[in-house]
A.B. asks: 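Sending over a structure as structure tokens; questions will come in a sec.
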Amino acid sequence: MTVLSDRTIREELKSGNIVIDPLMEGCIQPASVDLHLGRSFLVFRNNHVPFIDVRAMNETLTEQVTVGDDVPFMLHPGEFVLGSTLEHVEVPADLVARLEGKSSLGRVGLLIHSTAGYVDPGWKGRLTLELSNVSNLPITLYYRMKIGQISFLRLSTPAERLYGSAELGSKYQGQQEPTPSRIQMDFDPSPGAPPSS
């Protein structure tokens, strides 16, 4: 696989093969595009749910919090919340994307994903961020701040089955807000049945 350079990213954006909307001024880096933080967060309500059962996700596990333009969201040490990118992103059949944190934020202890850094061919929507504070002090998060960067890699051939295809059972296609886990969809609904493949 080949990582796309700034020149190729601009060409792909201009042709509409890659979609990043809005694309803010000065956000195309040498081999990536800066993404910004949206205003909504999903906060875990550990005072209402005793544990997380991945086979039967509880709708009251999280609650949505929305921040104003200049009001920070305070991410406390050890805290984990879900956020999302401000940008709507679309990845074509011949590319795959990687979402990574910004070095400056990593240096204060902010991680933007646990395992969800991979963006499949065919993806359309805003990207959910898995935000963790591994520092010893609270970190302020602001709407529209630069939160991460996305890079693109060319596949050997275009993917035959894109993310969002009915046969793949894609769970998060088209999401516009931070979206909680839908892991329960991977399990057979009958009691005691093994997980589906």
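Numbers for residues simply follow the sequence, beginning at 1. Keep in mind that the numbers below use all heavy atoms, side chains included, and drop hydrogens, waters and symmetry copies.
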A.B. asks: Could you verify whether a donor N or O on one side chain and an acceptor N or O on the other, from Gln29 and Asp34, lie under 3.5 Å apart?
C.D. replies: yes
A.B. asks: Considering all heavy atoms of both residues, which atom of Asn17 and which atom of Asp94 are nearest to each other, and what is their separation?
C.D. replies: ND2-OD1, 3.5 Å
A.B. asks: Where is the tightest heavy-atom contact between Pro121 and Ala93, given as atom of each residue plus distance?
C.D. replies: CB-O, 3.8 Å
A.B. asks: Which pair of non-hydrogen atoms, one from Pro22 and one from Glu87, has the smallest distance, and what is that distance?
C.D. replies: O-CG, 3.1 Å
A.B. asks: Using atom types as modelled and distance alone, determine if a side-chain donor or acceptor of Ser181 lies under 3.5 Å from a backbone N or O of Ile183.
C.D. replies: yes
A.B. asks: Is Glu90 reaching over with its side chain to a backbone N or O of Gly125, donor-acceptor style, under 3.5 angstrom?
C.D. replies: no
A.B. asks: I'd like to know whether Val81 forms a side chain to side chain contact (heavy atoms under 4.5 Å, CB included) with Leu75, so could you lay out the CA-CA distance, the side-chain angles of the two residues, the decisive distance to 0.1 Å, and finally the verdict.
C.D. replies: CA-CA 8 Å; Val81 302; Leu75 188 64; 3.7 Å; yes
A.B. asks: Decide salt bridge (Lys or Arg N to Asp or Glu O under 4.0 Å) for Glu12 and Arg154; before the verdict, give the C-alpha distance in whole Å, the side-chain angles of both, and the deciding distance to 0.1 Å.
C.D. replies: CA-CA 11 Å; Glu12 296 282 343; Arg154 182 94 51 203; 3.1 Å; yes
A.B. asks: Kindly indicate whether the side chain of Ile112, heavy atoms from C-beta on, has any atom under 4.5 Å from the side chain of Leu99.
C.D. replies: yes
A.B. asks: Got Phe44 and Leu61 here, is their nearest side-chain heavy-atom distance under 4.5 Å?
C.D. replies: yes
A.B. asks: Hey, are the side chains of Arg107 and Leu105 touching, using non-hydrogen atoms and a 4.5 Å cut-off?
C.D. replies: no
A.B. asks: Apply salt bridge (Lys or Arg N to Asp or Glu O under 4.0 Å) to residues Asp69 and Arg144 and explain how you reach the verdict.
C.D. replies: CA-CA 8 Å; Asp69 288 355; Arg144 296 177 67 92; over 6 Å; no
A.B. asks: Would you give the length of the straight line joining atom CG of Leu13 to atom CD1 of Ile18, rounded to the nearest 0.5 angstrom?
C.D. replies: 5.5 Å
A.B. asks: So do Leu35 and Gln149 actually touch side chain to side chain, heavy atoms under 4.5 Å?
C.D. replies: no
A.B. asks: Donor-acceptor check, side chain of Ser84 to backbone of Leu82, threshold 3.5 angstrom: yes or no?
C.D. replies: no
A.B. asks: Under 3.5 Å, side chain of Glu130 to main-chain N/O of Ser114, donor-acceptor pair present?
C.D. replies: yes
A.B. asks: Kindly determine whether Lys102 and Ile147 satisfy side chain to side chain contact (heavy atoms under 4.5 Å, CB included), including the steps that lead there.
C.D. replies: CA-CA 6 Å; Lys102 298 291 290 177; Ile147 195 67; over 6 Å; no
A.B. asks: Does a side-chain heavy-atom distance below 4.5 Å link Thr66 with Phe41?
C.D. replies: no
A.B. asks: Say whether Val108 and Leu37 are linked into one hydrophobic cluster, either directly or through other cluster members, by side-chain heavy-atom distances under 4.5 angstrom.
C.D. replies: yes
A.B. asks: Hey, quick one: are Ile9 and Met24 part of the same hydrophobic cluster, counting side-chain heavy atoms closer than 4.5 Å, chains of contacts allowed?
C.D. replies: yes
A.B. asks: Determine whether Tyr143 and Leu141 satisfy the following criterion, side chain to side chain contact (heavy atoms under 4.5 Å, CB included), listing intermediate values before the conclusion.
C.D. replies: CA-CA 7 Å; Tyr143 171 58; Leu141 302 177; over 6 Å; no
A.B. asks: Are side-chain N/O atoms of Ser135 and Asn133 paired as donor and acceptor at under 3.5 Å?
C.D. replies: yes
A.B. asks: Check whether any side-chain N or O of Thr140 sits under 3.5 Å from a backbone N or O of Met74 as a donor-acceptor pair, and report yes or no.
C.D. replies: no
A.B. asks: Could you please spell out the steps behind the side chain to side chain contact (heavy atoms under 4.5 Å, CB included) verdict for Leu23 and Val33?
C.D. replies: CA-CA 9 Å; Leu23 178 63; Val33 180; 3.9 Å; yes
A.B. asks: Any chance CD of Glu25 has more than 12 other-residue heavy atoms, nucleotides or ligands included, within less than 6.0 Å?
C.D. replies: no
A.B. asks: Could you give the distance from CG (Leu86) to CD1 (Ile20), rounded to the nearest 0.5 Å?
C.D. replies: 12.0 Å
A.B. asks: Answer yes or no: is there a side-chain heavy-atom contact under 4.5 Å between Leu95 and Leu155?
C.D. replies: no
A.B. asks: Side chains of Arg126 and Gln176: is there a donor and an acceptor less than 3.5 Å apart?
C.D. replies: yes
A.B. asks: Check for a donor-acceptor pair, side chain of Arg45 on one end and backbone N or O of Thr62 on the other, with a separation under 3.5 Å.
C.D. replies: no
A.B. asks: Using the six-membered ring wherever Trp is involved, compare the ring planes of Tyr163 and Trp123 and label them parallel, tilted or perpendicular (cut-offs 30° and 60°).
C.D. replies: tilted
A.B. asks: Find out if a path of hydrophobic residues (ILVMFWY) with successive side-chain heavy-atom gaps under 4.5 Å connects Leu111 to Phe73.
C.D. replies: no
A.B. asks: Roughly how far, to the nearest 0.5 Å, is CZ of Arg39 from CD of Gln64?
C.D. replies: 11.5 Å
A.B. asks: Identify the two heavy atoms, one from Cys27 and one from His36, that lie closest to each other, and give their separation to 0.1 Å.
C.D. replies: SG-CE1, 3.3 Å
A.B. asks: Do the side chains of Ile28 and Arg10 get nearer than 4.5 Å, heavy atoms only?
C.D. replies: yes
A.B. asks: Backbone N or O of Lys124 within a donor-acceptor pair of the Gln173 side chain at under 3.5 Å?
C.D. replies: yes
A.B. asks: Among the clusters formed by ILVMFWY side chains lying less than 4.5 Å apart, do Phe152 and Leu162 turn up in the same one?
C.D. replies: no
A.B. asks: Do Ser151 and Glu100 meet the criterion of a side-chain donor-acceptor pair at a distance under 3.5 Å?
C.D. replies: no
A.B. asks: Do Ile52 and Phe80 share a hydrophobic cluster, counting only Ile, Leu, Val, Met, Phe, Trp and Tyr and linking them when any side-chain heavy atoms are less than 4.5 Å apart?
C.D. replies: yes
A.B. asks: State, to 0.1 Å, how close Pro138 and His76 come at their nearest heavy-atom pair, and which atoms those are.
C.D. replies: CG-ND1, 3.8 Å
A.B. asks: Below 4.5 Å, heavy atoms only, C-beta onward: do Leu42 and Thr179 meet side chain to side chain?
C.D. replies: no
